[in-house]
Chemist: 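Okay, handing you the structure first.
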Amino acid sequence: MAKPPALTPQADDFPRWYQDVLAKAELADNGPVRGTMVIRPYGYGLWERMVAEVDQRIKVAGAENAYFPLFIPESYLTLEAQHVEGFSPELAVVTHAGGKELDEPIVVRPTSETVIGEFMAKWVNSHRDLPLLLNQWANVVRWELRTRLFLRTSEFLWQEGHTAHATEADASAYALQILHDVYRDFMVDVLAMPVLIGRKTRQERFAGATNTLACEAMMGDGKALQMGTSHELGQNFAKVFDIAYQDADGTQQICWTTSWGVSTRMMGGLIMCHGDDQGLRVPPRLASVQAVVMVIRDDEGVVDAAGRITDELLAAGVRAKLDGRTDTSFGRRATAWEIKGIPVRIEVGPRDLANGEVTVVRRDTGEKAQCALAAVGATVTGLLDAIQAGLLAEATQRRDDRTADVATLDEAREAAQVGFARIPWAVLGEEGEAMLARDAITVRCLQRPDGSVPASEDEPDVVAVVARAY
RNA sequence: CGGGGUGUGGCUCAGCUUGGCAGAGCGCUGCGUUCGGGACGCAGAGGUCGUGGGUUCAAAUCCCGCCACCCCGACCA
């Protein structure tokens, strides 16, 4: 008889399944303060890989890392009208420190446009100082009313890029460049998530932005998750913080700024995009452990052979790990690695070794195959590529199967029960957007018919992608 | 902030209606047998029953207050 499932099946209760994966895959726990999160070593290892891949792309895009303080004077937040309105309700404010009440309350950053703007103003004087391209990896705090591990926590980890440009066109092009070359490239190529890119509607725009671009992904249950955003801030913050420069003609000009970020929310997206009833499935390019070499039993030569195979894989550039815990049963260990989503498992036992081979198992399909000892390196690297491609193909298939082109609000409501609906923006409009919002359906982004990002929502043929969202 | 619900070993929960020695499964520790998909046996460790009061010979159980958390909605990376 089969054991009862280790996890609640997705079809029974998707949110419960998500919670089960977080716990059983040892990804994260709730912190002691409401809405906070403890990221466990295995989960943090995945986040570190995300950081490495995103950071590399940010640097290629020309931005440099810096660090700005956690604490921001409360007065800064009040300077930009939209920004205040957007963030006030979710600020954590320090009123006491050092045993006494502070003269001016200090805000724990919900995002850093203001404090970075203050310093950009100091650092930018001439057109030769532009563009100024900054990024920081940091934690931020937003006192959300309802929280869910990784998807929405009071404190989360992210990178926030902040740039200042001489012209609107330059700022606009850079915001789009980040969306394309950093975010979409990372999400598609590394996370194997076929994200949609597009413009946010006025309603969904970042507080203080003139334009917000976003990457949207479809989760396993058909709901949408915003995976990253890139904002054009116009001159809103530049005017308030006086980020200005003298141009070649000697006249003072106000800068145009952008900001953009991705967060630990991507962890939630990864889990809900690729996970199945057996647990997480980590795309090989992201995986902190790509292949685990399991000793089936401590028979003669088995541990040594497994150690040699691990070394060979490491030498072949595979992030491999040896599991030689023979004091724990094979089945238990196999299940644990499966729940953690390690892409490839190599099982080494006396029976295999007698035949000069090992058993290789793919996590994505569950397929098992025998593999000659001499061919392990090549087989595993080949499998890793196949799994990476397979996960992307599977997610793309689901997204396409669950996306419907519709012509009316009613059809959009129906389609959004299982996935995404594409409806002409000319048909929907802000009124239709408000009506759908009553049924918890939102416009995820506006796209051109070919899926590219429209320069304005007034372009003809703009399509609104609507869905229920996390 | 509205509506619903729950607080009992590390985890999931039973026990509460009708007050009477604080339980189960999983996990954990030790020993032995096992070991190719969540092993089995035996022996153990571990809980001021969320919290403060009240009723009672006696409270996890009944009454009152408080706190925390969860789910559904509005807000949101």
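Below, chains carry the letters A, B, ... as their sequence lines are ordered, and counting in each starts from 1. Remember, it's a predicted structure, so these values are computed and weren't measured experimentally.
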Chemist: Decide yes or no for Leu134(A) and Phe119(A): does some side-chain heavy atom of the first lie under 4.5 Å from some side-chain heavy atom of the second?
Modeler: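 Not in contact.
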Chemist: If you look at every strand shown and take non-hydrogen atoms under 4.0 Å, does Thr111(A) touch a base, only sugar-phosphate, or nothing?
Modeler: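 Nothing, no heavy atom under 4.0 Å.
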Chemist: Under 4.0 Å between any heavy atoms, over every strand shown, what does Pro350(A) touch: base, sugar-phosphate, or nothing? Just pick one.
Modeler: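 Since a base atom lies under 4.0 Å of Pro350(A), the category is base.
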Chemist: In the structure I gave you, are the side-chain heavy atoms of Met272(A) and Phe150(A) within less than 4.5 Å of one another anywhere?
Modeler: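 Met272(A) vs Phe150(A): side chains apart.
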Chemist: Under 4.0 Å between a side-chain N or O of Arg332(A) and OP1 or OP2 of G27(B)?
Modeler: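 Checking Arg332(A) against G27(B): at least one side-chain N or O falls below 4.0 Å of OP1 or OP2.
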Chemist: Can a donor-acceptor pair under 3.5 Å be found between the side-chain atoms of Lys368(A) and the base atoms of G37(B)?
Modeler: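 Check passes, donor-acceptor contact within cut-off.
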Chemist: If each of Tyr470(A) and Gly366(A) is mapped to the nucleotide of RNA chain B with the nearest heavy atom, which maps nearer the 5' terminus, i.e. the 5' end?
Modeler: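 Its nucleotide being nearer the 5' end, the pick is Gly366(A).
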Chemist: Does A39(B) have its OP1 or OP2 closer than 4.0 Å to a side-chain nitrogen or oxygen of Ser329(A)?
Modeler: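 Affirmative; the distance criterion is met.
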Chemist: Considering heavy-atom distances to RNA chain B, does Arg205(A) or Gly35(A) have its closest nucleotide positioned more toward the 5' end?
Modeler: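 Result: Gly35(A).
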Chemist: Do Arg438(A) side-chain and G73(B) base share a donor-acceptor contact under 3.5 Å?
Modeler: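 No pair found.
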Chemist: Just compare G37(B), G36(B), C75(B) and give me whichever is closest to any side-chain atom of Glu144(A).
Modeler: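 So the nucleotide nearest the side chain must be C75(B).
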Chemist: What does Asp352(A) touch in the nucleic acid at a heavy-atom separation under 4.0 angstrom: a base, only the sugar-phosphate, or nothing?
Modeler: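 Result for Asp352(A) = base.
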